Enquirer: 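For reference, the structure I am asking about is given below.
As the structure lists them, so they are numbered: ligands from 1, and atoms in each ligand from 1. Keep in mind that what you see is a predicted model, and the values were worked out from it rather than measured.
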Amino acid sequence: MPAFQTVRGMRDLIGEEAQIFITVISKARETSSLYGYKEVITPHVEPLELLSAKSGEEIRQRMFIFKDLGDRQVALRPEFTASIARLATTALKNEPKPLRIFSVGTVYRYDEPQRGRYREFWQSNYELMGSAKPEADAEIVLITNSLMQSLGLQGYAFKIGHIGVIRGILSQDGVDEKTQNAVLQRMDKKEYDAALKLVESEKCRAMLEGLLEIKGKDWQDTVKQIQSYVASYEKAKVATENLAEVLKLIAESANIPMTVEPAFARGLEYYTGMIFEIYIPQLDLALGGGGRYDKLIEAFGGGPTPAVGCAHGVDRVAIALQTQKTARSSQKEKKVAVLPITENMKSEALKIAQQLRAAGLTVEFEVMGRKMAKALEDADKRKVDFAVIVGERELKDGAVVLKDLANRQQSTVPIDKLAEKIKS
Ligand code: AMP
């Protein structure tokens with residue numbers, strides 16, 4: 001039989017790579033608890049109808065869809081927001097607002113595999129449901145900022161816009177919603193010519209072209225430019241005011257590097273307000289993104305529930321950390337090997353191993369029944385820090401031999417002082 005491979009676009013994570021993922025996931029979890037988010041665990045498989053309702057054509061075409069044996073149309077989740085919105089209209093319906101929900105896990109999209117783009121990838125996801133206020137939008141950006149900071153990423157910057165600006169222009173110039181979605185999808189992919197071709201009105205095309213030119217790092221100055229550019233577009237003006245409020249809160253509460261880009265769009269269709277993405281200079285891929293979606297929960301049968309959220313791509317954050325070589329995998333723990341000298345020392349040795357584990361040390365017990373010299377050689381290869389050698393002679397005095405494998409020194413240590421000695 002040929003050696004099995006993973007399914008195309010899906011990966012095994014082993015060794016250091018797995019460690020980096022674990023670090024990113026635990027930082028994401030720590031960040032969620034710093035901001036008062038409660039973690040939920042939802043199924044990987046959801047009804048197709050739920051997942052396709054509002055995500056947009058782009059995602060709909062890339063879902064892993066199948067019929068289960070009960071003839072139900074289901075799909076692997078391509079993101080978390082639909083599942084959390086489902087919860088907000090069912091199990092969490094009567095919870096006091098706002099709801100702050102965190103989740104982390106794998107999601108699935110039939111993307112073309114390449115570095116940073118997989119068919120199974122991990123996201124850490126934060127949803128804040130029940131507030132229409134700009135401080136809620138600001139909170140989602142601040143969470144992302146806190147996570148990037150806690151990971152030690154350097155030189156990251158936010159790209160921030162507002163979907164209401166483009167939609168405001170398009171709708172006032174008579175572009176229907178379906179065409180708007182198609183335009184936004186192409187703009188998200190930076191296919192600007194294709195996007196403009198979908199717009200019949202010449203005036204509207206010119207407006208969009210002009211909007212694409214506006215971007216800047218000084219938020220106040222850029223907002224002023226947008227305000228005067230859309231002065232005769234009522235809805236776009238309101239959207240710009242809202243964006244300005246969000247930007248003000250962000251800028252005044254933290255030193256967050258950002259570029260304001262009003263023509264920036266995102267692939268998901270359900271956005272209604274502020275949207276953002278985050279980048280580092282070395283990687284031309286968004287590490288995360290999010291935005292406001294005020295109509296989704298209502299569309300799922302809940303009451304009017306404005307909401308805002310974000311998702312970070314763990315796979316890409318891991319690449320960013322490796323690129324910047326700042327991957328701080330969890331502090332290296334001291335590793336101990338417990339080796340019984342003879343067969344009849346096994347029970348005593350196992351008892352000592354348990355005591356060391358109870359004291360918080362990482363302990364590998366010799367399970368291969370090897371002779372001492374072989375076991376020590378193996379411990380060395382596997383970068384074990386200390387060997388605890390359990391022999392009859394020392395045990396009579398309640399002691400064992402502790403060997404420091406880095407400097408090859410050894411001494412006899414009383415068992416009740418062993419954990420302390422290893423840690424010091
Ligand atoms: P989205 O759910 O589309 O808002 O994406 C949120 C984040 O997920 C992006 O910013 C990426 O970091 C990550 N992401 C999206 N698609 C992929 C993919 N195919 N492979 C790896 N990461 C992805």
Enquirer: Is the shortest distance from a Lys or Arg side-chain nitrogen in Arg292 or Asp294 to a carboxylate oxygen in the other one below 4.0 Å?
Expert: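 Here Arg292 pairs with Asp294 in a salt bridge, since their nearest N and O are under 4.0 Å apart.
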Enquirer: Can the positive tip of Arg119 be found less than 6.0 Å from the middle of the six-membered ring of Tyr110, inside 45° of the ring normal?
Expert: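 Here Arg119 passes the 6.0 Å and 45° test against Tyr110.
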Enquirer: Sequence neighbours left out, what pairs pass side chain to side chain donor-acceptor pair (under 3.5 Å) with at least one residue falling in residues 160-178?
Expert: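 Counting only pairs at least two positions apart or across chains, the side chain to side chain donor-acceptor pair (under 3.5 Å) contacts touching residues 160-178 are His162-Asn242, Arg167-Gln180, Arg167-Asn181, Asp173-Lys203, Asp173-Tyr233, Asp176-Thr179.
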Enquirer: Partners of Lys248 by salt bridge (charged side-chain N to carboxylate O under 4.0 Å, His left out), sequence neighbours excluded?
Expert: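 Salt bridge (charged side-chain N to carboxylate O under 4.0 Å, His left out) list for Lys248, sorted by chain: Glu252.
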Enquirer: Can you work out which protein residues put a heavy atom within less than 4.0 Å of ligand 1?
Expert: Arg109, Asp111, Gly116, Arg117, Tyr118, Phe121, Gln123, Arg266, Leu268, Ala286, Leu287, Gly288, Gly289, Ala311, Gly313, Arg316
Enquirer: Return the orientation label for the Tyr126 and Phe102 ring planes: parallel under 30°, perpendicular over 60°, tilted otherwise.
Expert: tilted
Enquirer: Which atom pairs, donor and acceptor, lie under 3.5 Å between side-chain atoms of residues 206-220 and protein residues at least two apart or in another chain?
Expert:
{"residue": "Asp218", "atom": "OD1", "partner": "Gln220", "partner atom": "N", "Å": "3.1"}
{"residue": "Asp218", "atom": "OD1", "partner": "Asp221", "partner atom": "N", "Å": "3.1"}

